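The chain is numbered in sequence order, starting from 1. Each ligand, and each atom within it, is numbered from 1 in the order the structure gives. Because the structure is a prediction, the values reported are computed rather than measured. Basis for what follows: all heavy atoms, side chains included, without hydrogens, waters or symmetry-related copies.
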Amino acid sequence: MATGTRLLPITAVTSRAMPSKRALIIGISGQDGSLLAELLLSQGYEVVGVVRQPASTRFENLEAIRGRIELQQADVLSEISLVDVLSACQPHEVYNLASPSFVPMSWKQPVLTAEFAAVGVTALLEAIRRVDEGVRFYQASSSEIFGESREVPQTEETPLAPVTPYGVAKAYGHFITRSYRRRYGLFASSGILYNHESPRRPLDFVTRKVSHAAAAISLGLKSEVLLGNLDARRDWGYAGDYVRAMWLVLQQDEADDFVIASGETHSVRELAATAFAHVGLDWEEHVRVDDTLIRGKAELHDIVGDASKARKTLGWSPRVDFEGLVQLLVDADVERLRSRLEPVETLADI
Ligand code: GDR
């Protein structure tokens with residue numbers, strides 16, 4: 001679509017009595033982007049999403065809302081490309097969720113990780129500065145920026161000590177957002193999000209890996225799963241709760257940084273035990289440790305967030321607890337696998 005043209009079908013705009021807010025989500029096709037898009041649509045927003053692939057691509061996470069959003073293909077590392085999108089869309093709010101998210105991959109692709117999670121943020125902030133300094137900007141920071149933290153739990157004031165290329169790149173993104181807020185007075189905020197999961201998580205992440213394995217084993221589709229460090233602990237929450245926090249961050253009077261976390265940690269062992277118990281199985285009979293999946297010195301310890309500021313200022317608190325999250329993931333995987341099995345069973349019956 002050419003710069004300056006309207007992005008949404010005219011019906012979507014004129015059918016509302018009040019002019020709605022327009023949000024631009026960079027990286028809309030991922031777990032967080034798609035959940036955030038659904039939340040914003042439910043609040044009456046017009047939602048435009050930026051994707052790297054052609055807009056005609058079938059994005060599984062966006063299937064339910066595909067007819068209600070506009071997609072723009074753009075090079076998120078190019079300031080010119082971003083200026084074009086911002087000029088065409090004229091958003092009130094911009095959410096930057098475009099970044100690789102699987103931490104171990106950042107050791108294999110450190111330069112690419114830095115380009116997206118660090119330099120790309122700068123390109124976007126520069127583009128906003130050029131097009132409209134009044135835009136509200138959300139940066140997806142991550143608990144990985146705390147790395148080997150000496151403070152437990154971490155707050156917005158905890159010094160950053162990242163250890164992975166992903167964490168280092170995210171620390172840059174975090175600081176540059178702060179820097180543009182101070183230097184240019186942009187409404188640029190960061191949400192420092194701890195692990196947040198949903199059925200839209202790819203299977204590489206430990207939560208989905210475990211929930212999918214528990215579901216598949218309970219349906220007789222496989223017998224075991226290989227995991228890394230069972231003692232590793234994380235502060236896990238439900239992604240639906242966390243995208244609500246993103247939105248709240250941009251509704252404040254002033255731009256700021258917020259830790260978004262559950263405040264409690266659980267081990268991978270507890271994760272497996274809870275998931276397998278939910279489908280009536282003993283995890284110890286099905287989980288094996290694969291040493292190649294252990295992160296060693298790159299593993300993070302004592303990463304747990306203190307979200308007091310978010311609770312007080314944003315009025316945010318998570319609605320789904322650890323057990324509820326694990327059950328929700330397992331139920332979704334059971335349902336997904338059963339629906340794939342059904343046609344096969346029907347054929348076998350014939
Ligand atoms: P993380 O998530 O690296 O914390 O980053 P991940 O689910 O990959 O790992 C969580 C913990 O589980 C341990 N673990 C395993 N992890 C994976 N992936 N596979 C395994 O088989 C396995 N066995 C044990 C890991 O060692 C680790 O301790 C997530 C991502 O969403 C980031 O994008 C985000 O920024 C941070 O959370 C906050």
Would [X] and [Y] pass as an ion pair if we require N to O under 4.0 Å?
{"X": "Arg233", "Y": "Asp302", "result": "no"}
{"X": "Asp333", "Y": "Lys209", "result": "no"}
{"X": "Arg269", "Y": "Asp231", "result": "yes"}

Whether over 12 other heavy atoms sit under 6.0 Å from Gln43 CD = yes
Nearest 0.5 Å, what's the OG-CD1 distance between Ser34 and Ile25?
-> 9.0 Å
The single option from Val76, Thr177, Leu82, Val85 passing side-chain contact (heavy atoms from CB on, under 4.5 Å) against Leu124 |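 Result: among Val76, Thr177, Leu82, Val85, Leu82 is the only option passing the side-chain contact (heavy atoms from CB on, under 4.5 Å) with Leu124.
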List by chain and number: which residues place a heavy atom under 4.0 Å from ligand 1?
->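 Contacts of ligand 1 under 4.0 Å: Ser101, Phe102, Val103, Ser142, Ser143, Tyr166, Leu193, Tyr194, Asn195, Arg201, Asp204, Phe205, Val206, Lys209, Leu226, Leu227, Gly228, Asn229, Ala232, Arg234, Val268, Leu293, Arg295, Glu299.
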